[in-house]
Number of protein chains: 2
Amino acid sequence: MTETRGERKERTRRAILDAALQLCEDSSLVALSLRQVAKEVGIVPTAFYRHFDSIEALGLELVDESFASLRAMLLDVRRSDPDFDDIIDSSIGILVEHVHQQRAHFRFIVRERAAGPPRVREAINAAIEQFEKELATDLVRLTGTTTWSPEDLQILSGLIVTAMVGLAEAILRNPDRPDAEKAIVEGARVQLRMVLVGALNWRSKR
Amino acid sequence: MTETRGERKERTRRAILDAALQLCEDSSLVALSLRQVAKEVGIVPTAFYRHFDSIEALGLELVDESFASLRAMLLDVRRSDPDFDDIIDSSIGILVEHVHQQRAHFRFIVRERAAGPPRVREAINAAIEQFEKELATDLVRLTGTTTWSPEDLQILSGLIVTAMVGLAEAILRNPDRPDAEKAIVEGARVQLRMVLVGALNWRSKR
DNA sequence: CTTTTCAGTGTACAAACGTACACTCAAACC
DNA sequence: GGTTTGAGTGTACGTTTGTACACTGAAAAG
């Protein structure tokens with residue numbers, strides 16, 4: 001069969017990305033060698049350079065890819081019913097589902113956020129900050145500007161994101177333990193309700 | 001001068017721990033080589049084995065050491081005035097101070113928690129869970145068992161610990177930026193107050 | 001004083017590392 | 001149909017890696 005040149009290139013590029021994501025699963029990008037990746041993919045080491053300048057550049061690509069997963073998740077959240085009282089349950093359900101479906105990507109983000117090459121860390125944190133800001137503007141739409149100052153909404157947003165990242169980390173930390181995971185998820189639900197109660201009784205700029 | 005044999009051993013052992021802590025600062029334990037450490041300390045590579053079986057064993061020792069820093073911090077927190085309304089401010093102040101004084105240890109914990117060798121990760125997470133439980137029993141002492149179920153206190157405790165770990169991570173992420181750090185710390189204060197408002201209006205087992 | 005112990009040395013080796021360089025050969029191009 | 005392009009090959013290099021083994025020499029033990 002005739003496979004176009006660009007298609008073939010894209011195929012090994014994908015294979016490199018997948019192999020890297022898998023190989024650094026229980027260590028880190030900073031401990032991943034170009035030769036391991038090449039061997040896993042089935043190409044000669046020097047061929048790696050046809051696709052990426054360095055492992056770090058590969059890592060930045062994986063960041064983009066992983067955050068594409070995250071954006072897809074947020075689309076799901078926003079698309080879900082705007083029914084107010086179980087917005088928490090549905091959002092958490094969506095998060096849990098995406099973490100399971102994109103395990104490797106989420107693992108990659110939480111791991112390299114703390115331990116990756118500096119530029120990778122920066123890229124991940126910039127993206128997470130972006131999410132916080134987007135959530136803050138979403139909250140403005142939900143609450144109006146009467147009782148909440150923009151600064152406080154930003155701070156509340158940060159708290160929620162921190163809790164959700166914590167939930168994702170806890171899930172990833174307990175693979176193949178459905179009972180433990182259930183308790184974790186239930187705990188996160190309660191946590192968000194506590195935060196919600198706090199938010200409903202909050203008055204900015206007192 | 002006469003330096004006892006055990007003293008000399010302890011001294012190079014310390015040098016190894018310090019060198020390892022410094023060398024993995026901008027990568028990770030999983031990317032740290034025995035030879036790097038030996039060179040930094042000024043001993044021959046094989047001499048490393050007189051003190052540790054492996055880099056992983058060294059890592060477990062660093063975990064213990066780092067959590068000793070953390071326990072010292074918690075002692076400070078409990079020792080601080082039990083004046084109720086600024087318990088938040090004083091606790092955060094203590095946390096910030098300790099993060100600055102023990103930068104390397106805190107960095108080590110947050111990094112290796114996500115990216116370290118499996119056993120190191122487990123040790124760190126076990127210690128953090130322990131803290132959550134201790135905080136929960138502290139909260140029992142503060143609130144009594146009337147309005148709060150033990151389960152909810154445990155969950156609240158988890159939320160607070162997550163937020164505090166998040167604060168530590170944010171501080172470590174912005175070194176040498178006093179203005180940014182000030183905003184981060186102020187945000188954390190507000191977050192904890194929000195959680196406190198939620199807690200005060202919470203009723204368990206509704 | 002003699003013997004034992006053991007932290008640290010020195011040499012040695014096979015394996016893995018990143019990368020330079022010259023190459024092939026089929027798709028893409030004119 | 002002849003030429004160009006570029007993904008992938010193969011060899012080769014100097015480094016760095018973990019670890020094995022035999023050693024030294026001063027402190028500790030008898």
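Lettering follows sequence order; numbering is per chain, from 1.
Using a 4.0 Å cut-off, some side-chain N or O of B:Ser33 falls inside it from OP1 or OP2 of D:dT17.
To the nearest 0.5 Å, atoms CD1 (B:Ile171) and NZ (B:Lys182) are separated by 13.5 Å.
The distance between atom NE2 of A:His51 and atom C1' of C:dT19, rounded to the nearest whole Å, is 17 Å. B:Arg8 places its CZ atom 14 Å from the C1' atom of C:dT9, with the value rounded to the nearest Å. Here the P atom of nucleotide D:dA20 and the CG atom of B:Asp53 are 12 Å apart, to the nearest Å. Distance B:Phe52 CZ to C:dA7 P: 13 Å, rounded to the nearest Å. Atom CZ of A:Arg11 is separated from atom P of C:dA27 by 13 Å (rounded to the nearest Å). One atom, NZ of B:Lys39, and another, C1' of D:dT16, lie 9 Å apart when rounded to the nearest Å. Rounded to a whole Å, the CD atom of A:Glu3 is 19 Å from the P atom of C:dC25. The interatomic distance linking A:Arg14 (CZ) with D:dA7 (P) rounds to 17 Å, in whole Å.
Distance from the side chain of B:Leu34 is smallest for D:dT19 among the nucleotides D:dA7, D:dG8, D:dT19. Looking at the side chain of B:Tyr49, the nearest of the listed nucleotides D:dG18, D:dT9, C:dT19 is D:dG18.
When all heavy atoms are compared, the tightest approach of B:Ile55 to B:Ser33 is CD1-C, 4.2 Å.
Residue contacts for A:Thr46: at a heavy-atom cut-off of 4.0 Å it reaches a base atom on one of the strands shown.
Across the interface with DNA chain D, nearest-nucleotide mapping of A:Gly42 and A:Arg35 shows A:Gly42 to be the residue nearer the 5′ end. Toward the 5′ end of DNA chain C lies the nearest nucleotide of B:Arg5, the other residue of the pair B:Val44 and B:Arg5 mapping further downstream.
Remark: the backbone N or O of B:Leu172 is not paired with any side-chain donor or acceptor of B:Arg107 at under 3.5 angstrom.
For A:Arg50 against D:dG8, a side-chain-to-base donor-acceptor contact under 3.5 Å is present.
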List the steps, then state whether salt bridge (charged side-chain N to carboxylate O under 4.0 Å, His left out) holds for A:Asp64 with A:Arg71.
-> CA-CA 10 Å; A:Asp64 285 351; A:Arg71 283 181 204 289; over 6 Å; no
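Within 6.0 Å of the CG atom in A:Asp53, the count of heavy atoms belonging to other residues, nucleotides or ligands does not exceed 12.
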